[in-house]
**Q** 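Mind having a look at this structure? Questions to follow.
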Amino acid sequence: MTNGWVDIKNADVILAMGGNPAENHPVGFKWFIEAKKVRGAKLVVVDPRFTRTAAVADFYAPLRPGTDIAFLLGLIRYALNNGRYQEDYVRIHTNGPFIIKNEYSFNDGLFSGWDPNTKQYVKDSWGYQADPKSTAYGVDPTMQNPRCVLQLLKQHVDRYTPEMVERICGTPKDKFLKVAEIVTSTHPANRVGTITYALGWTQHSTAVQIIRTAAMLQLLLGNVGMPGGGVDAFRGHSNIQGATDTAGNTEILPGYLKTPQGQFQTLADYYKNAIPMTLNQQAWPSMNYWVNYPKFMVSLLKSVYGNAATKDNDWGYGWLPKIDANYSWMYIFDDMYRGSSMRVGGKETGPEGFITFGMNPVGLGPNSKKMIAALSKLKWMVVVENAETETATFWKAPKEYGGAASSQIQTEVFMLPAANFAEKDGTFTNSARWLQWKWKALDPPGQAKMDQEILSRLFLAVQNLYRKEGGAVPEAVLNVTWAYANPVNPDLAEVLKEMSGKALGDIKDPKDPTKVLKTAGQQLDGFGQLQDDGSTLCGNWLHSGVYTEAGNNAQRRSTADPTGLGMFHNWAFSWPANRRIMYNRASADANGQPWDPTRVGIRWDGAKWVGDVPDMKPDAPPGTYGAFIMLPEGVGRLFAPALNDGPFPEHYEAVEAPIANPLHPKVTSNPTALIFKSDQDSFGTVDKFPYVCTTYRLTEHFHYWTKHQAGGVLNELMPGFFVEIPEPLARQKGIANGSKVKVSSARGAIEGTAMVTNRMPTLKIDGKDIWHIGFPIHWGYAAEKGHTGPLANFLTPSVGDPNTWTPEYKAFLVNLEKA
Amino acid sequence: MELSRRNFLKATTVGGAIALGFDLSKARAEIREFKISRTTETRSICPYCAVSCGVIIHTLGDRSKNAVASVVHVEGDPDHPISRGSLCPKGITLKDDITHKNRLTMPKVRRPGSDHWDDITWDDAVARIARHIKTTRDKSFVARNAKGQVVNRNPGMAMIGGCTDTNEFNFLQWKAITAWGVPYRDSQARV
Amino acid sequence: MSSASAQPNRVDRAIVVARDRDNVVVAGEIVRHRRATRIIHWTVALTFLIGLLSGMPIWTPLFGWMAYLVGGMEVARVIHPYAGVAFVIASAFQFFHWLGDMHFASDEKDWWRPSRMARYMRWEDEASEEGGKYNGGQKLFFWAVCLGAVGFLVTGIPMWFPLRFPALLREIAIILHDVTFICFLIGVILHIYLGTAAEPGTFRAMTRGTVTRSWARLHHPGWFRKVTGESRDKRT
Amino acid sequence: MTVQALEIKRSSAAMWGTKTGLREKPVVSKYIDTTTCIGCKACEAACQEWNDLKTVATHQEGSYQTLPHLDADFWNLIRFNEREVDGGLMWLMRKDQCMHCAEPGCLEACPAPGAIVQYANGIVDVDPSKCIGCGYCSTGCPFDVPKFHKTTGKMAKCTLCVDRVEVGLEPACIKACPTGCLQFGSKEQMVAMGNARVSQLKGAGFQDAMLYDPQGVGGTSVVTVLGHGHPEWYDLPRDPHVPLLVRAWKSILRPLGVLAAFAAVIGVFGHYATYGPKEPPEGDGVGEGRTK
């Protein structure tokens, strides 16, 4: 989320799309209702289903799963053609005025630079045109130049007429126009709207571009950085934000630093690739905050390797594992299944050992049959869990999931009992980036242990083995520090201190070198004090400041909210730097005065920025730097050169789609989409699988956990799996409500109880009646007795977005029959 | 009209009843016990979605050495700025999540080819897993890639981290991953 | 006087005869109700009494004290329906047992009229000659009891299992159960009164089973003559 | 803390009408705004957890609704109704529970003294120690709320969390409600809030929005904002009353019956005094000693 949960109350218009916040984030949804009741805000829901959110919306419009980009580009076209965008904002806070290289083009569904052999883009042509006379970016403040971003955008979206939106999305034209009118009503400076989304956008083969389209719309409407504005991703798990912040994923190190690749053999090489280059620019220069990258990186390496990290050995950079290819989720299981990785210069082995801490990949991953087949090939597996999951018991999966006989499976499986949330302390980071401390309430049951203890024991045991026996590059193992007061079971407050950062030597005030800001051993105040000379240690620069000399800021509990905007600066700690609204510099105009005096993000008081913690150098007067300090051009990107599938979003059909793309039938789906092609991967076509299918969650269950609760209320509230079917389709097929139906895809078939409803609309797509059905995840073969059910992901394909490699769960093809 | 009919009926009641006076003790009742009047409160954060509602966990006992805490109730924290005391059905039933009988309480191992779990001690489990990690790492380790570049990675292992692990754990886990050289790593954030 | 009464150690002959036979003259007495009849009657009466004691406290708190006699309100709620079922079963036996004697003679057909009842209560009514063993009032009461038993049963079942019946049916059942009960109660009060204080000599018909000749002649002259074979004129 | 003693203003099967209360206290009320209810069932779960109710065995039968109706172990139920009007789809959700009527039909119908009480703050509660499980209350209830509990043999229903309210807390369902469509306060405040919301809704296009506080039962301690002036769309009776027959029974038939019974007793005494016993005339020739 760029903004916060409570901040949603400041919105005048809320577009909920690609998510069902009432269902999945009911308590966050409180602030939607607050906006409606107190401000009279309008809530607009655009969704394939008439959801619980739609039930209380001011306006609902249906669309076909997987066509969000077409809808959003239609909104952008409407805004641009009707002058319903905030021109001043676009001029100063976005790259709208920037001139793009002449080589950039878009034809028949492909952008310039397409290489049909690698199926990837060469992105050279997607850049800014440097001014020939200077090294600065070419900029046209009038935004009339036909090669400026705004004009190119206008040209790009011109195809997305309301008629085309109706043809692609199935949204009736009048409903689309009504949505457009409400959403773009926030274009005046004193009106603000937010767009909220969740996995309904991220789980598509065009996911990143969908979200980008929303961000572009918000930039055009002048809503980014504003209280009540922004683009708000509602993350699904208590610490999923924290997992990404602290390097849960293969491509990043803590704090979104990049995982080094083999081609960068020294830190210097690595920095060259990691730190974005900036050109000078007319209006104002960019702060390009990533120039501080070496400070973050060296402090991180000091926290990993301690005293072993010295200037001479590049702070231990050489020991860090380097990647040369993609090692993310679907690759893990693809390589595990195939037993090798064929994508790296030469053949390497695939995983033979697998550790999962509190994760259930058999339930979570696409194409469950392939997941089970992959796990069956492992030598060993460790599952650390609260309950016996599908993953832990994959070796006794029911036959229909393709599992081999357990005698045939040679995997040694360890299932270790872990504490749950109430049985351990530590911080969770919520969707609004707040790190909040929770206290331990009781001991884990039986022999269950806290996960930090389980991990520490394993870590120390492995280190011991290497110390005693040596092995492959033992120093990479032995030099990692674990110097906690109790290394077997580290105190998490101590770990948080390490993450927040401390001085290893004296830190001097850059403005007055005679002044010592911090002496060795003291906690740092924030990432501004980090050094690249080894005199600071910090496990995650983004978290810097969470644990200062003043104490554990994640434990703060002041409910004071002097602005009345719901920022709560003294409640817990929000990364970065306790900032509550990202890009808040954009909430003020060129002179630093707020666009809307009733909703002040920050304002320039003549000497400093006041309000929220400024997303800006606190004493840099307006005009010094652009509002988007992390981007090299310093402004919000309507044109984004960095992504893998195009600088502008474009509607592509899902990989399994019921129609060819009406815009360019030859390039129907995302040409760069990640598609796996093992013998376990198969894809369906519309003749055999005529219905679009989408999956989702329910408010009554949490993922694959709550079905395990013996005697639990949640199993009472929602006892079992169902399939939502449009009433006309059910009638045609003779399916009665409550009867059993079979849903099949190219991957397999599942059975469930039919829920026949008018909440699933019939849509006219490209002249045809197209139906979509849907069902919730949550069930599986491991559950409390009486509450088992089919694995939803048995039907989903191994297909993903080319930028995030997230699977396409939200739109695929199925057939439906009476069971 | 409605009202007058009711009044009429009331009057009839009064007229029809034969007064024997009434028992004053009946005017006060002690029916329902306030069940959390003697519990210890611990502030926590709901482990489900990313709204991060504040919860208060009510446990038996006062944390004295001889008291074994068990959860009797979980309720919203009214001070929490986002949730303000409210919770969704999942949050309200957190007690079920903590206390349900399908919780794992013993380390278990399933031997290759076996069709059942065997109990294993923590020490044995840790020793065996550590041995697996070392064997796999030593066997699969790629110190240099095909181009001769130092890469120090261990593609023989994959690790997936959860979404309800604390930040601190995630950091420790990343350190372990770094030590073991695991390139195949991911989290719930991907899926 | 009967010889039996002169022999102190032997059972009264009338009692012995009344074990199995009725409508016979034994010495100076007439057996009116043999043992089986009396057992049936008292079974009906006892089950009714239990139903009454368990039902009245539920009916109104005025009779809440009765609940103490059966063990409290909750016990009352539990035993009332069972007492009711027992009452209905006993009433069914009683019905078949007495049915033969309960046809209205031609001169009894106006007994339903209040004027006829009032005449009787003023002791001015001429006993029917054809009426047989029972007079019109008794027959009327018999039929009322039978009807009441059926009414209690039919209305009692929805009240017993309230959640299996629609609300309106339950409401009607409650009302009818009450109406039945009120009528029944008044009937029973009169029945007891007439069987004891108002008409001396009657009660023993249901205890030892016999009545005196003069009682029989007064209350049921037709039956008296049939049993004794005496003519109408014999009376002095 | 000791168990709270609760002031009662009315009690079932009391002798003198049903009034027992001495003090007047402010009546409390729940507020339900169906137009902001998302049917998340937090209230259902909160009710189950707070009251430690046994889980009811439910089955997926093609609906989001947990159960077809309330249960002795399920006192709070969101009712889901889909309705299409003029091509516009509505998914209506309403929290169903005891309405805590000002003139409770259950209390009126209940024959067990003190088994159903109305506290001074308006809460209507079943006292399980006095309930006899006869089910009359369910007959008296126009909302089909009280349910018979098979294991305890008692009637059970929402208590409006009287245990919480008496120590100054809001009911569990209210506290839980994520969207704030549930509120708690004095009846007066809740009605004012409801009226304000109704006029806001009318301004926002819900022309027939209404506040449901049925006067047929004297008003309820649950005031419900309906977006559409059709209570039956939400499974609510349009104009609920304590059933007339229940009133007639308690208010007319029962006193009349008592009078009739006493009259009968007095009547027979009068009769005896007036007419004396009916005995065979003295010297009846066939008379035998009654002493036999």
Side-chain angles (χ1 to χ4, degrees), chain B residues 1-3 5-39 49 51 53 55-56 58 71-78 82-97 99-100, chain D residues 1-9 11 14-18 20-22 40-46 48-50 52 103 113-114 117 119 125-129 159 161-164 166-167 169-170 172 175-180 215-216 218 241-242 247-248 250-252 254-256 258-259:
Chain B
M1 181 205 128
E2 183 48 47
L3 222 90
R5 186 178 59 90
R6 217 171 39 247
N7 285 346
F8 161 73
L9 287 172
K10 259 194 229 164
T12 340
T13 316
V14 172
I18 292 128
L20 297 177
F22 81 92
D23 180 2
L24 267 183
S25 70
K26 224 163 47 181
R28 295 175 80 77
E30 297 176 1
I31 298 178
R32 296 176 198 281
E33 175 204 0
F34 184 65
K35 70 179 188 184
I36 52 171
S37 56
R38 283 273 184 237
T39 54
C49 84
V51 173
C53 301
V55 297
I56 300 173
H58 293 265
V71 178
V72 290
H73 186 56
V74 176
E75 195 162 308
D77 177 355
I82 297 170
S83 59
R84 295 293 304 278
S86 61
L87 289 173
C88 78
K90 299 182 285 290
I92 287 159
T93 55
L94 276 172
K95 184 181 81 178
D96 294 352
D97 193 61
T99 60
H100 74 83
Chain D
M1 193 189 303
T2 57
V3 174
Q4 295 296 300
L6 307 162
E7 194 104 11
I8 287 171
K9 74 172 168 193
S11 168
M15 276 310 303
W16 190 251
T18 51
T20 61
L22 301 175
C40 72
K41 307 188 188 170
C43 49
E44 291 186 4
Q48 295 299 97
E49 285 286 344
W50 177 259
D52 298 304
E103 285 157 25
V117 291
Y119 300 112
D125 196 5
V126 178
D127 182 345
S129 67
T159 68
C161 283
V162 65
D163 44 350
R164 295 173 62 94
E166 282 299 316
V167 297
L169 295 177
E170 58 287 312
K175 176 167 181 183
C177 179
T179 66
Q215 294 307 305
H241 301 98
V242 178
R247 283 196 187 272
K250 278 270 179 162
S251 311
I252 302 174
R254 197 174 70 170
L256 283 183
V258 172
L259 283 180

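Residue numbering restarts at 1 for every chain, and letters A, B, ... go by the order of the sequence lines.
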**Q** Contact between D/Glu49 and B/Val74 at the side-chain level, heavy atoms closer than 4.5 Å - yes or no?
**A**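 Answer no - side chains too far apart.
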**Q** Between D/Pro178 and B/Leu87, which heavy-atom pair has the shortest distance, and what is it?
**A** CG-O, 3.6 Å
**Q** Rounded at 0.5 Å granularity, tell me how far NZ in B/Lys35 sits from CZ in D/Arg164.
**A** 9.0 Å
**Q** So which heavy atom on D/Asp163 is nearest to which on B/Phe34, and how close?
**A**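 Reported closest heavy-atom pair: O-CD1, 3.5 Å.
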**Q** Mind ranking D/Thr159, D/Leu169, D/Val162 by heavy-atom pairs under 4.5 Å with chain B and telling me who comes out on top?
**A** D/Thr159
**Q** Give me the atom names and distance for the closest heavy-atom approach of B/Ser86 to D/Cys177.
**A** CB-O, 3.3 Å
**Q** Count the heavy-atom pairs under 4.5 Å between each of D/Cys43, D/Ala46, D/Pro128 and chain B, then report the option with the highest count.
**A**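 When all of D/Cys43, D/Ala46, D/Pro128 are compared, D/Ala46 has the most.
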**Q** Identify the heavy atoms of D/Val126 and B/Arg32 that sit nearest to each other, and give their distance.
**A** O-NH2, 2.7 Å
**Q** Give a yes or no on whether the backbone of B/Gly85 and the side-chain of D/Lys175 come within a donor-acceptor separation of less than 3.5 Å.
**A** no
**Q** Between B/Glu75 and D/Trp50, is there a side-chain heavy-atom distance shorter than 4.5 Å?
**A**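 Yes; the side chains approach each other to less than 4.5 Å.
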